[in-house]
Structures are given as C-alpha cells and as structure tokens.
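Report on the structure given below.
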Amino acid sequence: QVVLGEFGGGFVQPADSLRLSCLVSGRTISSSIMAWFRQAPGKEREFVAFITRSGGLSYYSDSVKGRFTISRDNGKSTVYLQMDSLKSEDTAVYYCAMRDSDSVLSATSLKESTKYDYWGQGTQVTGSS
C-alpha cells in the first residue's frame, strides 16, 4: 500500500519561511514524478510545483515562482517544498502527489491534478495578514 504523509505546516507571518516534507511509504519514489498542490478555503485545488524523477527539472506556478523550491531525496523517499517570502494568500492545505505512470506528458499536462495517482492527506499552512 502506497501512503504519502505530509508534515511541516503551521502558522506563519508575512515573509517567513517554511519547509514542507512528504514521506512516501510502500514503494520507491525514484521512478515517479512528484508534485505539490494546494487548496485554499472556498477554492479549487491548484498546482504549485512538480519535479522530475531525477530532480533535474522542476516547474512552478506563476504565483510561487521565485519563492518556492521543490526538491527530492529519492533515497529517503521524501519530497520537500521550501517556501520563502510567504504571503497571506499562500494560506491553504498543501498536498503531496505522486504520479504512477511512466507515460510521457508535457509540462502543461503535469500541472493537472488528474495526472497524479496517489495523494497525501494534506498539511495546513496558515499565514496571518
């Protein structure tokens, strides 16, 4: 059974930094594209970032580009999201996602939540205004 567990969320002030972690159990992550999504209250789930299998390439939403960094440690089966210069609008539940398929997709397609097969339960990040 594949289980994704996110942790590291919390309350933050504007301009603070926070690092989220996603630990995967049940299988290795080295063959999977990994991603972070988030869902703010009353809004749909949105793409934040994804990272390729080797960690050589990463893509970000425009809203977080330059402030967030996704990384991975395949040996530890863990994916990270370093969040810097946090804003109140970053308040959301952050979800880790793992793609199970080997098929090749465009970067645009990999920003769609439907392209991911396994999800964590989410971790709350709350920023004060």
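The residues of the chain are indexed from 1 along the displayed sequence. Just so it is clear, the structure is predicted and the values come from calculations on it, not from any experiment.
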- Query: Which atoms form the tightest heavy-atom contact between Lys115 and Ser109, and what is the distance?
  - Reply: CG-O, 3.2 Å

- Message: Give me the atom names and distance for the closest heavy-atom approach of Ser32 to Arg27.
- Response: OG-NH2, 2.9 Å

- Message: Distance alone, cut at 3.5 Å: any donor-acceptor contact between the side chains of Ser101 and Ser103?
- Response: yes

- Glu6 and Trp36 have their tightest heavy-atom pair at CG-CZ3, 3.8 Å

- Task: Check whether any side-chain heavy atom of Leu20 sits under 4.5 Å from a side-chain heavy atom of Cys22, and report yes or no.
- Result: no

- Message: How long is the straight-line distance from OG of Ser30 back to CG of Asp73, given to the nearest 0.5 Å?
- Response: 11.5 Å

- Note on the structure: Nearest heavy-atom approach of Ser63 to Arg38 is OG-NH2, 3.4 Å

- Item | Leu110 CG to Leu57 CG distance, which is reported to the nearest 0.5 Å | 11.0 Å

- Heavy atoms, side chains only, cut-off 4.5 Å: are Val125 and Thr91 in contact? no

- Message: Counting C-beta onward and ignoring hydrogens, is there a side-chain heavy-atom pair between Met98 and Asp117 closer than 4.5 Å?
- Response: no

- Distance in Å, Leu4 CG paired with Cys96 SG, rounded so as to fall on 0.5 Å steps: 4.5 Å

- Query: If you look at every heavy atom in Ser54 and Arg72, which pair is closest and at what distance?
  - Reply: C-CD, 4.5 Å

- Please list, chain by chain and in numerical order, all residues satisfying side-chain hydrogen bond (donor to acceptor under 3.5 Å, both in side chains) with Tyr95, sequence neighbours excluded. none

- Cluster overlap Phe50 with Tyr118, hydrophobic side-chain contacts below 4.5 Å: no

- Message: More than 12 heavy atoms of other residues, nucleotides or ligands under 6.0 Å from CD of Glu89: yes or no?
- Response: yes

- Message: Determine whether a donor-acceptor pair (N or O, by modelled atom type, separation under 3.5 Å) exists between the side chain of Thr114 and the backbone of Glu112.
- Response: no

- Task: State plainly whether one hydrophobic cluster holds both Tyr94 and Val12, where clusters connect Ile, Leu, Val, Met, Phe, Trp and Tyr through side-chain heavy atoms under 4.5 angstrom apart.
- Result: yes

- Over 12 non-hydrogen atoms of neighbours within 6.0 angstrom of CZ in Phe11: no

- Query: Passes side chain to side chain contact (heavy atoms under 4.5 Å, CB included), Val93 versus Arg45? Steps please.
  - Reply: CA-CA 9 Å; Val93 177; Arg45 190 171 298 188; over 6 Å; no

- Compute the centroid of each ring, for Phe37 and then for Tyr116, and state whether the two points are separated by less than 6.0 Å. yes

Side-chain atoms of residues 79-86: list all donor-acceptor pairs with protein atoms under 3.5 Å, sequence neighbours left out, distances to 0.1 Å.
unit_1	atom_1	unit_2	atom_2	d
Gln82	NE2	Asp84	OD1	2.9
Asp84	OD1	Ser17	OG	2.7

- Message: Between the side chains of Lys87 and Asp90, is the shortest nitrogen-to-carboxylate-oxygen separation below 4.0 Å, so that they form an ion pair?
- Response: no

- Query: Heavy atoms, side chains only, cut-off 4.5 Å: are Leu23 and Phe7 in contact?
  - Reply: yes

- Query: Which atom pair, heavy atoms only, marks the closest approach of Arg53 to Ile33?
  - Reply: CG-N, 4.1 Å

- Between the main-chain N or O of Ile70 and the side-chain N or O of Tyr60, is there a donor-acceptor pair closer than 3.5 Å? yes

- Message: Is the shortest side-chain heavy-atom distance between Trp119 and Ser113 below 4.5 Å?
- Response: yes

